[in-house]
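This structure is a prediction, so every number in the text was calculated from the model and none was measured. All values below were derived from every heavy atom in this structure, side-chain atoms included, with hydrogens, water molecules and symmetry-related copies excluded. Residues: numbered from 1 along the sequence shown.
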Amino acid sequence: MNDPIHIPVMANEVVHYLLENNGTKYLDCTLGAGGHTALLIEKANRSINVTGIDIDETAIDACRKRFKGSSKVRVEHGSYGNLEFLDRRIGLGDLDGIIADFGQSSDQLLSESVGMSYQQSAPLDMRYDRSAGMTAEEFLNSVGFDELKRLLKEIGQESNASQIARAIVKAQPLSTTDDLVKAVSSVSSPFKLNKVLSRVFMVVRVVVNDELGAIDRFLTYAPTLLKRGGRIVCISFDSNQDGRVKNAFRSLANPCICPPTLPVCLCNRIPTLKVITPRALQPTESEIESNKRSRSARLRVAEKFNPQPITSSR
Ligand SMILES: C[S@@+](CC[C@H](N)C(=O)[O-])C[C@H]1O[C@@H](n2cnc3c(N)ncnc32)[C@H](O)[C@@H]1O
């Protein structure tokens, strides 16, 4: 990677919510170009340490250079979908804060070798971790009509899923982003084409990288790494991601499964998180103006709860 072009999204909010608790030990689960990590280090009025992980080796190499010589930043290759393994391998626990900024960086989107953008001619790869897993080409050439239609509907909320899936399956074998653009364009209105293409490319990227599975595993394990009062900040860029964060935070804050007619809680499930942002925060207009990529960002914050068994009246 050359000089990073990625601008950290909702940086003021990330810094505010993570540093507010006067902590010292943080985890950046989506290091990317290192933007959020660098800001946390710069803005803290005390000495803090950040472990930064990313699944993309190119991003990791660039961050190793960026933070070379800094004793405050530890850079590790790994997936937020596999935090338990990473925790056992390098020890992550007792954290004051965690940041996860989901999706792709601008550097990945504009990379000529990865094929994540419909605006770039590139081989259909789309993997964040190019050493493992199925490429977009392998996926698109092996998927059947029914499965592709389902994925376009469920992940992309694409109303023309049927026609698009049929056009893609008919175009098999595909090998470049241009092949995919051509297939989708053949059945889409030119007026809506850009939106449709970005949805189709997003769906393929999400499937190839098992992004939603990784987010679910992250949301299960990450809260266990926080110390009391520790905060978790998640930035999502679509409703699949944000819905998962919202539901996970809510169910960890309100885990009781007793029928509402019961006067006291009998399930004894203990809240482990407190929701700090009842509604997702959005970027300010001036941020959207200066960084268009931020426009769909939704930020949610939760805090590790002081666990007390629920014994009294509900
Ligand atoms: C939006 S960028 C993060 C940008 C970063 N916050 C910054 O300010 O530079 C998202 C990053 O998440 C990484 N990523 C995607 N899936 C991942 C996973 N399962 N585990 C770890 N990192 C992942 C991508 O490689 C990408 O670098």
Are E158 and I164 side-chain neighbours, meaning at least one heavy-atom pair lies under 4.5 Å? yes
Could you tell me whether the side chain of I90 reaches within less than 4.5 Å of the side chain of R74, counting heavy atoms only? yes
Candidate pair R298 and S236, rule side-chain hydrogen bond (donor to acceptor under 3.5 Å, both in side chains), full reasoning: CA-CA 5 Å; R298 299 289 178 272; S236 304; over 6 Å; no
Sidechain-backbone polar pair: Q172 side chain, V143 backbone, donor-acceptor under 3.5 Å: yes
Any side-chain heavy atom of T177 within less than 4.5 Å of one from Y118? no
Do K43 and L19 have side chains that approach each other closer than 4.5 Å (heavy atoms only, starting at C-beta)? yes
Please indicate whether R46 has more than 12 foreign heavy atoms, meaning atoms of other residues, nucleotides or ligands, lying under 6.0 Å from its CZ. yes
Within-4.5 Å side-chain heavy-atom neighbours: F201 and S117: no
Just checking K25: does its NZ atom have more than 12 heavy atoms from other residues, nucleotides or ligands closer to it than 6.0 angstrom? yes
Which of V15, D28, L18 passes side chain to side chain contact (heavy atoms under 4.5 Å, CB included) with H36? It is D28
Any donor-acceptor N/O pair, E303 side chain to K274 backbone, under 3.5 Å: no
More than 12 non-hydrogen atoms from neighbouring residues, nucleotides or ligands closer than 6.0 Å to NZ on K227, yes or no? yes
Should R127 and D125 count as an ion pair when the cut-off is N to O under 4.0 Å? yes
Working note: Y128 + Q108, criterion side-chain contact (heavy atoms from CB on, under 4.5 Å); need CA distance, chi angles, decisive distance, verdict. CA-CA 8 Å; Y128 294 120; Q108 289 162 333; 3.5 Å; yes
F237 six-ring centre to R293 NZ/CZ under 6.0 Å and within 45° of normal: yes
Would a 4.5 Å heavy-atom cut-off, applied to side chains only, mark V75 and R64 as touching? yes
Side-chain touch R130/T58, heavy atoms, less than 4.5 angstrom: yes
Can you check side-chain contact (heavy atoms from CB on, under 4.5 Å) on L281 and Y17, steps first, answer last? CA-CA 12 Å; L281 305 182; Y17 282 105; 3.6 Å; yes
So do the side chains of E287 and V9 get within less than 4.5 Å of each other, counting heavy atoms only? yes
